[in-house]
Amino acid sequence: MRILVTGGAGFIGSNFIRHELSAHPEHQIINLDKLTYAGNLENLRNIENLPNYKFIKGDICDKQLIKSMEFDAIINFAAESHVDRSILDSSPFLQTNIIGTQNLLEASRKKGCRILHVSTDEVYGSIATGSFTENSPLQPNSPYSASKASSDMLAKAYFETYGLDVIITRCSNNYGPYQFPEKLIPLVIYHAVEGKPIPVYGDGKNVRDWIHVMDHCKALDIAFEEGKSGEIYNIGGNNEQENIYIVRMLLKKVAEKTGRKEDELSGLITFVKDRPGHDRRYSIDPSKMEKVLGWKPETSFDKGLSDTIDWYLENKPWWSRIISGEYVYYYKTQYGERDKQ
Ligand code: NAD
Ligand code: TDX
């Protein structure tokens, strides 16, 4: 089977391709990625020469390009994925996440092939108590999550209207190797290493459910191979934590691994102005994946975080190259000294 993986040069897509090529060497993977600021071919160095892997630089919004490609299924990771960027400028989010997804749905419809649309728990919005199931209403609160919710609804509409073979997955916050260092966990690690202030938004008590990226990739593999057409599957880590707890846990581990003093690293924590529209708590009920598809997350948070810190400590050239670019500018303008409370 020739699988068109879109956004495969990003964090989750690159981890997924590596997993897929080893779990299913019989598949061919065509990785279509626009290489935005978040796309990085270095993420795929160790597999780029495999005979069943091919990279094409391109945009999922490009109708002619998609039409000209040959494939038997699509797995759609391509997206603008960072909430803070969507607050600064939502245009690329609407373009890629909505129009791009619609273009892929249309291509699947014409070819009559399966499409797995990779989505997020953020589409459900915030929940004070209890957990979101696949039947919970969509109540997105950021331009990012609103664009993802739109793409989910389009995907569902294509199933209802055309009987498209579509599967939607909604996963909680991922962490692990190759995550772009604008997201909380890699940002805390590299700021600790570099002795930079660690910005904690608001009171630091917002809750996220964290899952190791490899557990997400395994769930996607199962949903793609065995999922039922038209179904939505929640994927979660059963691991809800307050942001400030994560930050402190990371700093403790970085201190142990680098011989630095934990107190000195804790001194870097800087409470800054809250993110506008900041969702207080995400909580996902992943029991459908467990009961129907027999999937369960395997990585303990303690080991997953430890391995992730090791990866960032061992791969400083990877993130140093990234942070020397536009991201530093972005950080300084958004959450620099002038925004401290
Ligand atoms: P990422 O930002 O690291 O990677 C996105 C990739 O998509 C990049 O390689 C980028 O170049 C590519 N891309 C962007 N616009 C494109 C376009 N128009 N055409 C082709 N390629 C394009 O994101 P990620 O964290 O790997 O997330 C992947 C998917 O998983 C996204 O759809 C995201 O919404 C979803 N998701 C992410 C998380 C998370 O915690 N990171 C959790 C749940 C769901
Ligand atoms: O510097 C920071 N300080 C801080 O307090 C950053 C970058 C984040 N935060 C907080 C905001 C959130 O409550 O940490 C939490 C996690 O933030 P992000 O890493 O930006 O993730 P989040 O906003 O929860 O969204 C993520 O999870 C679901 C991904 O970016 C999405 O792509 C995915 O859909």
Side-chain angles (χ1 to χ4, degrees), residues 5-16 31-41 43-44 56-62 65-66 75-87 92-93 95-97 99-101 103-104 117-123 126 140-142 144-145 147-148 151-152 169-176 178-188 191 197-211 213 216-217 220 234-237 241-244 246-247 269-275 277-282 284 331 334-335:
V5 172
T6 66
F11 163 48
I12 305 174
S14 61
N15 277 289
F16 177 79
N31 174 14
L32 175 73
D33 198 297
K34 188 179 174 183
L35 298 183
T36 66
Y37 79 93
N40 186 348
L41 290 178
N43 301 1
L44 295 151
I56 296 175
K57 184 174 187 304
D59 191 331
I60 59 166
C61 301
D62 184 339
L65 173 67
I66 308 285
I75 304 183
N76 179 31
F77 293 90
E80 289 293 335
S81 71
H82 193 43
V83 174
D84 293 327
R85 287 180 189 259
S86 81
I87 295 167
F93 287 76
Q95 188 61 29
T96 287
N97 299 1
I99 303 297
T101 301
N103 195 28
L104 297 176
H117 177 60
V118 180
S119 192
T120 169
D121 63 354
E122 300 204 25
V123 297
S126 193
N141 294 312
S142 74
Y144 161 70
S145 52
S147 69
K148 292 295 289 186
S151 60
D152 284 21
T169 57
R170 296 184 179 141
C171 190
S172 54
N173 283 57
N174 284 221
Y175 69 95
Y178 300 103
Q179 185 164 32
F180 195 84
E182 66 190 347
K183 305 280 165 54
L184 181 69
I185 287 180
L187 182 137
V188 172
H191 278 221
I198 293 168
V200 176
Y201 302 167
D203 63 3
K205 293 191 174 164
N206 300 64
V207 172
R208 298 290 182 266
D209 171 49
W210 294 92
I211 181 171
V213 65
H216 183 194
C217 292
L220 292 172
N234 284 349
I235 301 169
Q241 311 288 353
E242 287 185 351
N243 292 338
I244 191 67
I246 305 268
V247 172
I269 295 175
T270 310
F271 287 91
V272 298
K273 204 170 87 181
D274 209 355
R275 173 188 277 173
H278 196 178
D279 285 327
R280 191 64 174 168
R281 174 171 174 260
Y282 296 146
I284 200 146
Y331 168 72
Q334 283 304 297
Y335 293 105

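In listed order, ligands and their atoms are each counted from 1. Everything quoted here is computed from the prediction, not taken from an experiment.
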Using a 4.0 Å cut-off to any heavy atom of [X], which atoms of ligand 2 qualify?
X	value
Pro199	1 (O), 2 (C), 3 (N), 4 (C), 5 (O)
His278	11 (C), 12 (C), 13 (O)
Thr120	28 (C), 33 (C), 34 (O)
Ser81	29 (C), 30 (O), 31 (C), 32 (O)
His82	20 (O)

Would you please name every residue forming a side-chain contact (heavy atoms from CB on, under 4.5 Å) with Ala38, sequence neighbours left out? Thr36

Taking distance alone, with no angle check, do [X] and ligand 2 share an N/O pair under 3.5 Å?
X	result
Asp84	no
Tyr144	yes
Trp210	no
Ser172	no
Asn243	yes
Val83	no

Give the single entry among [options] that approaches [atom] most closely by any heavy atom.
atom	options	result
atom 27 (O) of ligand 2	Glu122, Glu80, Arg85, Arg281	Glu122
atom 21 (O) of ligand 2	Leu184, Asn173, Val200	Asn173
atom 8 (C) of ligand 2	Tyr282, Phe11, Tyr201	Tyr201

Heavy-atom contacts under 4.0 Å to ligand 1, chain-then-number order, include exactly Gly7, Ala9, Gly10, Phe11, Ile12, Asp33, Lys34, Leu35, Thr36, Ala38, Gly39, Gly58, Asp59, Ile60, Phe77, Ala78, Ala79, Ser81, Thr96, Val118, Ser119, Thr120, Tyr144, Lys148, Cys171, Ser172, Asn173, Asn174

Which pair of heavy atoms, one from [X] and one from [Y], lies closest together, and at what distance?
X	Y	result
Ala9	Leu44	CA-CD1, 4.0 Å
Arg280	Ser126	N-OG, 3.0 Å
His278	Asp274	ND1-OD1, 2.6 Å

Say you draw a straight line from [atom1] of [X] to [atom2] of [Y]; how long is it, rounded to the nearest 0.5 Å?
X	Y	atom1	atom2	result
Cys217	Ile75	SG	CD1	10.0 Å
Ser119	Ile235	OG	CD1	10.0 Å
Ile87	Phe93	CD1	CZ	9.0 Å
Leu220	Ile12	CG	CD1	7.5 Å
Gln179	Ser81	CD	OG	8.5 Å

Checking heavy atoms under 4.0 Å, the part of Glu182 that sits near ligand 2 is backbone

Cationic tip of Arg208 above Tyr175 ring, under 6.0 Å, 45° of axis: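 The answer is no, since Arg208 fails at least one limit relative to Tyr175.
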
Does a donor on one side chain sit under 3.5 Å from an acceptor on the other, for Tyr282 and Glu122? yes

For Thr6, the option from Asn76, Thr96, Thr101 that meets side-chain hydrogen bond (donor to acceptor under 3.5 Å, both in side chains): Asn76

Would you say Tyr201 and Asn206 make side-chain contact, with heavy atoms under 4.5 Å? no

